[in-house]
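Contents: one structure, followed by commentary.
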Amino acid sequence: MKKINYDEVVGFVVTNKLYRNPGITLDRLSKLMAVDIDCLSSTIQEGCGKRFQDLITELRIKDASNMLSQKSFDSFSIEAIGRMAGFENRLLFRNLFKERTGYSPTEYQRIRLHTC
């Protein structure tokens with residue numbers, strides 16, 4: 001197995017949109033990248049000070065925020081946007097989004113509508 005740095009990990013996850021897969025795990029990512037799971041976990045922890053699942057949540061929130069900010073996604077429900085970003089259910093999406101941004105997804109979208 002090879003060594004890898006944090007930027008390579010994030011680049012791989014983002015390029016392949018792996019965070020959108022609700023079933024992505026550290027074990028699965030280590031196999032996809034052919035990297036030892038302990039090494040991968042340490043790389044993520046050292047690179048951003050977060051656990052794997054926290055990194056994935058952060059990427060999902062960023063993706064959902066981008067979708068909620070674009071007019072092209074106005075026809076999608078909040079739940080659909082959450083699912084596209086990788087969240088398994090509406091409540092989890094709402095709670096994590098609000099915890100990380102200070103706004104519910106609906107509030108976030110309304111703010112965008114009033115500032116454009």
Side-chain angles (χ1 to χ4, degrees):
M1 298 245 173
K2 62 183 177 180
K3 280 250 192 212
I4 196 158
N5 70 46
Y6 176 74
D7 291 334
E8 290 174 295
V9 173
V10 173
F12 186 83
V13 171
V14 170
T15 299
N16 295 291
K17 297 188 184 326
L18 296 175
Y19 55 86
R20 287 186 170 178
N21 177 349
I24 191 67
T25 63
L26 185 63
D27 182 55
R28 180 76 182 127
L29 180 60
S30 74
K31 288 175 181 159
L32 289 169
M33 296 187 78
V35 177
D36 177 75
I37 191 169
D38 293 329
C39 178
L40 182 58
S41 180
S42 295
T43 299
I44 292 169
Q45 182 67 40
E46 291 168 12
C48 66
K50 298 177 180 153
R51 297 176 306 123
F52 169 76
Q53 197 56 51
D54 294 329
L55 172 62
I56 294 300
T57 298
E58 181 179 291
L59 293 171
R60 288 175 178 163
I61 297 292
K62 183 176 181 179
D63 192 31
S65 297
N66 287 335
M67 285 186 260
L68 290 166
S69 297
Q70 296 178 33
K71 286 184 176 268
S72 59
F73 286 92
D74 284 354
S75 64
F76 291 88
S77 70
I78 297 295
E79 183 175 4
I81 289 172
R83 287 193 184 279
M84 285 187 283
F87 292 97
E88 292 188 85
N89 66 64
R90 186 180 54 107
L91 187 58
L92 178 64
F93 172 47
R94 185 201 180 285
N95 290 343
L96 289 172
F97 194 93
K98 184 157 184 140
E99 176 185 298
R100 305 290 169 99
T101 67
Y103 300 99
S104 72
T106 304
E107 292 168 335
Y108 191 90
Q109 191 176 47
R110 270 194 217 125
I111 290 168
R112 191 261 311 161
L113 291 173
H114 288 95
T115 59
C116 292

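Separation of atoms CD (E46) and OG1 (T43) is listed at 6.5 Å; rounding is to 0.5 Å. Rounded to the nearest 0.5 angstrom, L29 CG and I44 CD1 are separated by 6.0 Å. To the nearest 0.5 angstrom, Q70 atom CD is 10.5 Å from F76 atom CZ. Here the CG-CG distance, from L59 to D54, works out to 11.0 Å after rounding to the nearest 0.5 Å. How far CG of L26 is from NZ of K31: 10.5 Å, rounded to the nearest 0.5 Å. Interatomic distance, CG of L55 versus CZ of F52, reported as 7.0 Å (0.5 Å rounding).
Counting all heavy atoms, side chain and backbone alike, Y19 lies closest to V14 at CE2-CA, 4.0 Å. Nearest heavy atoms, M33 versus I4: CE-CD1, 2.8 Å. Taking all atoms of both residues into account, the shortest heavy-atom contact from T101 to S65 is CG2-OG, 4.5 Å. Nearest heavy atom pair, residue Y6 against residue C48, reads OH-CB, 3.3 Å. Closest of all the heavy-atom pairs between S75 and S72 is OG-O, 4.5 Å.
For T57, the side-chain contact (heavy atoms from CB on, under 4.5 Å) partners at least two apart in sequence or on another chain are Q53, I61, L96, R100. When the ring pair (Phe, Tyr, Trp, His ring centres under 6.0 Å) test is applied to Y103, no partner is found at least two apart in sequence or on another chain.
Using a 4.5 Å heavy-atom threshold, the side chains of F97 and L68 count as touching.
The backbone N or O of T106 sits nowhere less than 3.5 Å from a side-chain atom of Q109 that would complete a donor-acceptor pair.
Heavy atoms of other residues, nucleotides or ligands lying less than 6.0 angstrom from NZ of K98 number more than 12.
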Which atom pairs, one a donor and one an acceptor, fall under 3.5 Å between side chains of residues 84-94 and the rest of the protein, sequence neighbours left out?
unit_1 : atom_1 : unit_2 : atom_2 : d
N89    : OD1    : L91    : N      : 3.1
N89    : OD1    : L92    : N      : 2.7

